[in-house]
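What follows is one structure encoded as structure tokens, with my remarks underneath.
In what follows, every heavy atom counts, from backbone to side chain, and hydrogens, waters and symmetry copies are set aside. Naming: A, B, ... by sequence-line order, numbering from 1 per chain.
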Number of protein chains: 2
Amino acid sequence: MSAKEENTLPMGMFMDLERSGPIPLYFQVSQRIEKAILSGELPAGSRLENEVALGQRLGLSRPTVRRAIQEIVDKGLLVRRRGIGTQVVHGQVTRKVELTSLYDDLTSTHKAPSTHLLTLESQAADAKTAERLGIEEGTPTLHLRRVRLADDVPVAVMENWLPEEFIGIEPEDLVAHGLYQVLRSRGVTMRVARQHIGARKSTNEESALLEIEKNSALLTMDRTAFDNSGRAVEFGQHCYRPDLYSFEVTLVEK
Amino acid sequence: MSAKEENTLPMGMFMDLERSGPIPLYFQVSQRIEKAILSGELPAGSRLENEVALGQRLGLSRPTVRRAIQEIVDKGLLVRRRGIGTQVVHGQVTRKVELTSLYDDLTSTHKAPSTHLLTLESQAADAKTAERLGIEEGTPTLHLRRVRLADDVPVAVMENWLPEEFIGIEPEDLVAHGLYQVLRSRGVTMRVARQHIGARKSTNEESALLEIEKNSALLTMDRTAFDNSGRAVEFGQHCYRPDLYSFEVTLVEK
DNA sequence: GACCTGATATTGTCATGACAATTGGCCAAA
DNA sequence: TTTGGCCAATTGTCATGACAATATCAGGTC
């Protein structure tokens with residue numbers, strides 16, 4: 001398999017496309033191709049079958065195939081070149097490491113997540129919180145602070161401020177389900193998060209909570225998250241043990 | 001201006017679309033709308049004119065307008081909802097902070113970047129470098145290490161390994177132009193970078209190079225970057241002073 | 001007031017069709 | 001051997017057209 005020859009994926013891979021179900025065709029095709037990449041069937045450096053041929057083979061329009069491929073390009077797994085075709089990006093994508101996501105509260109690790117709730121209260125928004133949530137200073141917010149653990153080992157101290165409407169959230173729910181699942185169950189559809197990643201030394205309190213030496217290096221992340229109306233639904237300040245946590249970000253040139 | 005009413009952008013904003021130039025129409029429209037958002041003309045929470053009307057007004061097809069809007073949605077500045085329309089995400093986007101990019105060698109700050117080259121040599125790839133660059137262990141690479149400064153203040157220590165073909169790069173070019181510009185001038189089109197962001201304590205050497213206290217917290221970033229054939233063109237290990245540098249990442253739900 | 005139905009508004013998906021831009025290979029001329 | 005031109009391959013852009021899914025609103029009924 002080389003970059004010169006196209007890889008023609010076996011039809012068996014696409015035989016069961018659900019043509020009238022709820023899942024868009026482009027999404028299904030995209031999933032199949034991505035699976036072939038991750039499994040090694042489409043090896044690094046190899047060339048994918050061209051859009052026109054693939055569309056003909058699958059009985060789909062070229063824009064639909066194009067959209068499917070673009071989804072994978074946007075993930076950084078494929079690159080496209082006019083006149084050449086579409087190639088698989090080199091480098092193994094390890095399944096072990098999850099990409100940083102909108103819902104990154106340590107539920108996606110392969111370890112059992114749990115929560116130790118430190119604080120759950122109403123709090124009047126100070127200037128910074130007000131600015132971040134787009135509300136008036138002094139407006140009530142839900143303030144929560146928790147240690148997040150994986151397999152009973154503390155990984156992060158996470159502090160959040162949520163808009164007033166979430167003030168009724170129960171501590172049991174937070175402990176049982178995690179913040180983002182609770183928000184989801186309240187109908188929140190998160191769409192965008194702006195994250196600011198840095199580092200600093202741990203405070204004494206953090207060192208104790210995270211079971212690390214005093215004045216250790218901490219990985220930090222501040223964020224504001226927005227829902228599908230574009231409203232801010234979360235302001236967070238998190239710090240993580242760098243020996244147990246890191247951010248994985250894939251950047252793709254448009 | 002509220003979410004309920006559509007914002008009809010003045011035609012003047014689109015009067016000078018270059019209809020037969022090299023720049024795609026969707027890109028031009030996208031730029032104009034983005035500019036309106038950043039300038040506040042399209043305020044946070046407001047609703048953009050619908051795709052159909054905008055297409056009619058601009059004399060463009062709906063897919064073209066759609067593509068333009070999608071570009072901005074992908075940047076996290078707009079959110080779309082079926083039946084409702086497209087809204088501007090809340091929260092000021094500060095121009096002061098640049099988003100983490102493929103070419104993040106501190107040239108995008110508002111300070112004068114400069115380089116203090118520590119090492120520029122050929123080096124046989126060890127196991128890790130070989131794996132990251134997709135080459136055989138022992139293959140020659142170009143190894144470089146530099147302190148990167150902004151307004152003569154050291155911000156980062158950046159270490160990189162590049163494939164064999166770049167072994168002729170001259171130190172003067174690196175100092176004058178920075179790594180990524182040099183790569184670009186050699187015809188490298190970078191498309192994808194996989195980055196791993198963490199934190200740790202500084203070594204004694206790093207503390208001296210970065211002019212910080214011993215055992216300070218450092219923000220770290222390891223990365224592999226790939227070109228438009230999907231080949232690895234760079235493996236890097238960088239560390240930054242967290243008081244002077246951080247990563248800004250916007251996550252957008254598909 | 002709560003619930004249901006129907007209409008409208010808007011985005012989401014998909015197809016067909018056409019043309020343009022870039023890349024690489026091949027061949028001919030200098 | 002090198003350079004330039006031509007052609008084929010493939011992605012990139014754009015248009016037209018149609019239908020579906022979701023959200024909101026208005027009106028009617030209980």
query: Hey, what do you get for OG (Ser39(A)) to CD (Glu34(A)), rounding to the nearest 0.5 Å?
result: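 Ser39(A) atom OG to Glu34(A) atom CD measures 11.0 Å (nearest 0.5 Å).
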query: To the nearest 0.5 Å, how far apart are CG in Asp227(A) and CD in Glu234(A)?
result: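 Between atom CG of Asp227(A) and atom CD of Glu234(A) there are 11.5 Å.
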Interatomic distance where [atom1] belongs to [X] and [atom2] belongs to [N] [whole Å]:
{"X": "Gln70(A)", "N": "dC14(C)", "atom1": "CD", "atom2": "C1'", "result": "17 Å"}
{"X": "Leu48(B)", "N": "dT11(C)", "atom1": "CG", "atom2": "P", "result": "8 Å"}
{"X": "Glu6(A)", "N": "dT10(D)", "atom1": "CD", "atom2": "C1'", "result": "9 Å"}
{"X": "Glu253(A)", "N": "dG12(D)", "atom1": "CD", "atom2": "P", "result": "14 Å"}
{"X": "Leu25(A)", "N": "dC19(D)", "atom1": "CG", "atom2": "P", "result": "17 Å"}
{"X": "Leu17(B)", "N": "dT13(D)", "atom1": "CG", "atom2": "C1'", "result": "15 Å"}
{"X": "Glu71(B)", "N": "dG12(D)", "atom1": "CD", "atom2": "P", "result": "12 Å"}
{"X": "Tyr26(B)", "N": "dT13(D)", "atom1": "OH", "atom2": "P", "result": "3 Å"}

- prompt: So what does Arg67(B) touch, heavy atoms closer than 4.0 Å: a base, only the sugar-phosphate, or nothing?
  reply: sugar-phosphate
- prompt: Contact class for Pro63(B) vs. all strands (heavy atom < 4.0 Å): base, sugar-phosphate, or nothing?
  reply: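 Base: the residue Pro63(B), judged by heavy atoms under 4.0 Å, touches a nucleobase.
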field: Main-chain N/O of Leu9(B) paired to Arg57(B) side chain as donor or acceptor, under 3.5 Å
entry: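 Present.
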Which listed nucleotide ([options]) is nearest to the side chain of [X]?
{"X": "Thr64(A)", "options": "dA15(C), dT16(D), dT11(D)", "answer": "dA15(C)"}
{"X": "Ile84(A)", "options": "dT22(C), dT16(D), dT23(C)", "answer": "dT23(C)"}
{"X": "Arg81(A)", "options": "dT10(C), dT10(D), dG24(C)", "answer": "dG24(C)"}
{"X": "Arg82(B)", "options": "dA15(C), dT11(C), dG12(D)", "answer": "dT11(C)"}
{"X": "Arg62(B)", "options": "dA15(C), dT13(C), dA21(D)", "answer": "dT13(C)"}
{"X": "Asn50(B)", "options": "dC14(D), dT10(C), dT11(D)", "answer": "dT10(C)"}

message: With a 4.0 Å limit, can you tell me whether Arg80(A) has a side-chain N or O closer than that to the phosphate oxygens OP1/OP2 of dG12(D)?
response: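 Checking dG12(D) against Arg80(A), a side-chain N or O does come within under 4.0 Å of OP1 or OP2.
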- prompt: Within less than 4.0 Å of OP1 or OP2 of dT11(D), is there a side-chain N or O belonging to Thr86(A)?
  reply: yes
message: With nearest nucleotide decided by heavy atoms, which residue, Ile23(B) or Asn228(A), maps closer to the 5′ end of DNA chain D?
response: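 Mapping each residue to its closest nucleotide by heavy atoms, the 5'-most match is Ile23(B).
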query: Could Asp173(B) and Arg186(B) be called an ion pair, given the rule that one side-chain N must be under 4.0 Å from one carboxylate O?
result: no
task: Considering only NZ, NE, NH1 and NH2 on the basic side and carboxylate oxygens on the acidic side, decide whether Glu165(A) and Arg231(A) come within less than 4.0 Å.
output: yes
field: Position toward the 5' end of DNA chain C (nearest nucleotide), Gly21(B) or Glu49(B)
entry: Glu49(B)
